[in-house]
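Only one structure is covered here, and it is reproduced in the block below.
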Amino acid sequence: MKRVVVTGMGAITPIGLSVEEFWNSIKQEKIGFAKITKMDAEGYRATLAAEVKGFEGKNYMDFKAAKRMELFSQYAVAAAREAIEEAGLDMEKEDPYRVGCSIGSGIGGLGVMEKEHEKLLNKGPNRIQPLLVPLMITNMAVGNVSIQFGLKGKSLNVVTACATGTHSIGEAYRSIQAGDVDVMLAGGTESAVTPVGIGGFAALTALSSSTDPNRCSIPFDKERNGFVMGEGAGVVVLETLEHAQARGAKILAEVVGYGATSDAYHITSPAEDGDGAAKAMEYAVKEAGIPMQDVTYINAHGTGTHHNDLFETRAIKKAFGDHAYEMKVNSTKSMIGHLLGAAGAVEFITCVKTVEEGYIHPTVGYREKDEELDLNYVTNGAVQEKVPYALSNSLGFGGHNASILIKKYQE
């Protein structure tokens, strides 16, 4: 199997419109939560969200091209541009059929669906705009990225709800390992701060009803009562080690393991014993050929819902045994909320930065200990230590589990 490395990263997040800005905000423990502005949230159970602020599609692409994309596609193109630039990937020097793309969205263009449905009801079918379908379907994020940058290799749209970003990167990793391509842009994107998005998740009692930005997204805290909707995108450039070395690229990290399983249990709840998520973690670490004890840091799915945090904690204990109590486990969602299909991709970027800098951010906002949630969730400020491996977890409605293992690069 070919070695696969990370050479570029791009991010559009509620706390920064680039990887540098995002990471600096993470180190400042900045939170992205505020009252919803993209819709009138009066009367909704959830009134806070982690919205992307100050984004203008025309700053990242042609104005006309941006007009033909919903926000989730614009975010993906913007993040992809930054990743390509950091990687120094010159498509004029590449065989375009050896450069692919794997970018998913859990929901796609929900906003345009809502607007055009209202037109249908009020004005009839002949008033629906011609571009509705290509604006709303989830695969248009990866489609638009491929078009914008001339990527003619494998083009995938993985949709596994909140595990989408991690599965997208994992399947890109597999494609490179198998020799299908030399390079893949991979990640996830989402923009679902809309009436149906907020209303639907709130009706499911999945969203936090808190009105306090400092106490709304509080993973692993006893007082947690749901996740906060976030939005944005994360895209990374993955390539074979040989390809990266041949073109003199700076290598940020290496991907060394990927595990994917299904709970086959419930449409929204993870398995109570954590077995499925534990297996995904075990598979990722086993692929790397290292003992479980060599993993000292996990970026958890950590949504802030009662079931997720409890069952993920059980999964970590099941996978790592007593070593679980020696590990650092944090949740980036404590600062940016839950980016749904983009969550795993932005958290992958967090893991790469953690491995690069040896900086483990705290789970911000944590106050009250929950009896069974007894791992080290990094609740007393940031930790500075060497992090040779970082494991990122994502769990999605439908029972999807994905874990990906990142290693500090060594020749």
Side-chain angles (χ1 to χ4, degrees), residues 4-13 16-23 52 55-63 65-66 69 71-105 139-158 165 168-169 171-173 175-176 180-189 232-255 342 344-346 348-350 352-353 356 406 409:
V4 179
V5 296
V6 184
T7 56
M9 304 192 296
I12 299 293
T13 77
L17 302 183
S18 66
V19 170
E20 181 180 13
E21 190 179 342
F22 163 70
W23 186 241
V52 167
F55 178 86
E56 293 284 347
K58 63 185 180 182
N59 294 336
Y60 303 90
M61 67 204 82
D62 176 76
F63 176 75
M69 297 182 208
L71 266 179
F72 79 101
S73 288
Q74 291 185 21
Y75 291 162
V77 169
R81 182 175 296 281
E82 182 187 4
I84 287 170
E85 288 175 356
E86 182 182 28
L89 189 65
D90 184 351
M91 287 305 298
E92 290 186 2
K93 296 179 180 177
E94 299 291 336
D95 175 352
Y97 289 99
R98 299 293 299 168
V99 183
C101 201
S102 173
I103 297 174
S105 175
N139 70 296
M140 291 310 293
V142 69
N144 277 304
V145 168
S146 297
I147 292 165
Q148 288 290 309
F149 303 107
L151 317 180
K152 295 185 177 183
K154 179 181 285 189
S155 184
L156 303 176
N157 173 44
V158 177
S168 294
I169 295 172
E171 294 305 314
Y173 165 65
S175 296
I176 296 170
D180 294 346
V181 285
D182 298 319
V183 183
M184 288 286 280
L185 267 72
T189 185
V235 175
V236 298
V237 175
L238 304 182
E239 56 188 300
T240 65
L241 175 61
E242 295 89 342
H243 188 274
Q245 289 174 330
R247 64 185 193 85
K250 179 184 177 183
I251 295 171
L252 308 178
E254 183 173 1
V255 182
V346 173
F348 179 97
I349 290 168
T350 302
V352 171
K353 298 300 290 185
E356 277 191 310
I406 299 155
Y409 173 69

Can you measure from [atom1] ([X]) to [atom2] ([Y]) and round to the nearest 0.5 angstrom?
| X | Y | atom1 | atom2 | answer |
| --- | --- | --- | --- | --- |
| Ile84 | Met91 | CD1 | CE | 7.5 Å |
| Glu56 | Gln74 | CD | CD | 9.0 Å |
| Met69 | Met61 | CE | CE | 5.0 Å |
| Glu242 | Gln245 | CD | CD | 7.0 Å |
| Gln148 | Leu185 | CD | CG | 12.5 Å |
| Lys152 | Glu94 | NZ | CD | 14.0 Å |

Closest approach of [X] to [Y] (non-hydrogen atoms, all atoms of both residues):
| X | Y | answer |
| --- | --- | --- |
| Ile169 | Ala345 | CD1-CA, 3.9 Å |
| Ala172 | Met184 | CB-CB, 3.8 Å |
| Ala342 | Gly232 | CB-O, 3.4 Å |
| Val5 | Thr240 | CG2-O, 4.2 Å |
| Ala76 | Val235 | O-CG2, 4.0 Å |
| Val19 | Ala11 | CG2-N, 3.7 Å |

Count the heavy atoms belonging to other residues, nucleotides or ligands that lie under 6.0 Å from CD of Glu21, then report whether that count exceeds 12.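 Atom CD in Glu21 is packed in, count exceeds 12.
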List for me each residue that meets side chain to side chain contact (heavy atoms under 4.5 Å, CB included) alongside Lys250, sequence neighbours excluded, and say none if there are none. Leu252
Any Met140 side-chain heavy atom under 4.5 Å of Asn157 side chain: no
Name the orientation class of the two ring planes belonging to Phe55 and Tyr60 (parallel below 30°, tilted from 30 to 60°, perpendicular beyond 60°). parallel
Scan the side chains in residues 95-105 for donor-acceptor partners under 3.5 Å anywhere in the protein, sequence neighbours excluded, and list what turns up.
residue : atom : partner : partner atom : Å
Asp95   : OD1  : Tyr97   : N            : 3.0
Arg98   : NE   : Asp182  : OD2          : 3.2
Arg98   : NH1  : Gly179  : O            : 3.2
Arg98   : NH1  : Asp180  : O            : 3.0
Arg98   : NH2  : Gly179  : O            : 3.1
Arg98   : NH2  : Asp182  : OD1          : 3.1
Ser102  : OG   : Ser168  : O            : 2.8
Ser105  : OG   : Gly108  : N            : 3.0
Ser105  : OG   : Thr189  : O            : 3.1
Ser105  : OG   : Glu190  : OE2          : 2.8

Can any side-chain N or O of Arg247 pair as donor or acceptor with the backbone N or O of Asp90 at less than 3.5 Å?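 Between the backbone of Asp90 and the side chain of Arg247 there is no qualifying donor-acceptor contact (under 3.5 Å).
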Check Ile349, Val346, Thr350 against Thr13 for a side chain to side chain contact (heavy atoms under 4.5 Å, CB included) and give me the one that passes.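 Output: one option passes, namely Val346.
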From CA spacing to verdict: side-chain contact (heavy atoms from CB on, under 4.5 Å), Val183, Thr7: CA-CA 10 Å; Val183 183; Thr7 56; over 6 Å; no
Could you go step by step and tell me if Val6 and Leu238 meet the side-chain contact (heavy atoms from CB on, under 4.5 Å) rule? CA-CA 5 Å; Val6 184; Leu238 304 182; 3.7 Å; yes
As a quick check of understanding, evaluate side-chain contact (heavy atoms from CB on, under 4.5 Å) for Arg81 and Phe149, giving each step before the final call. CA-CA 8 Å; Arg81 182 175 296 281; Phe149 303 107; 3.7 Å; yes
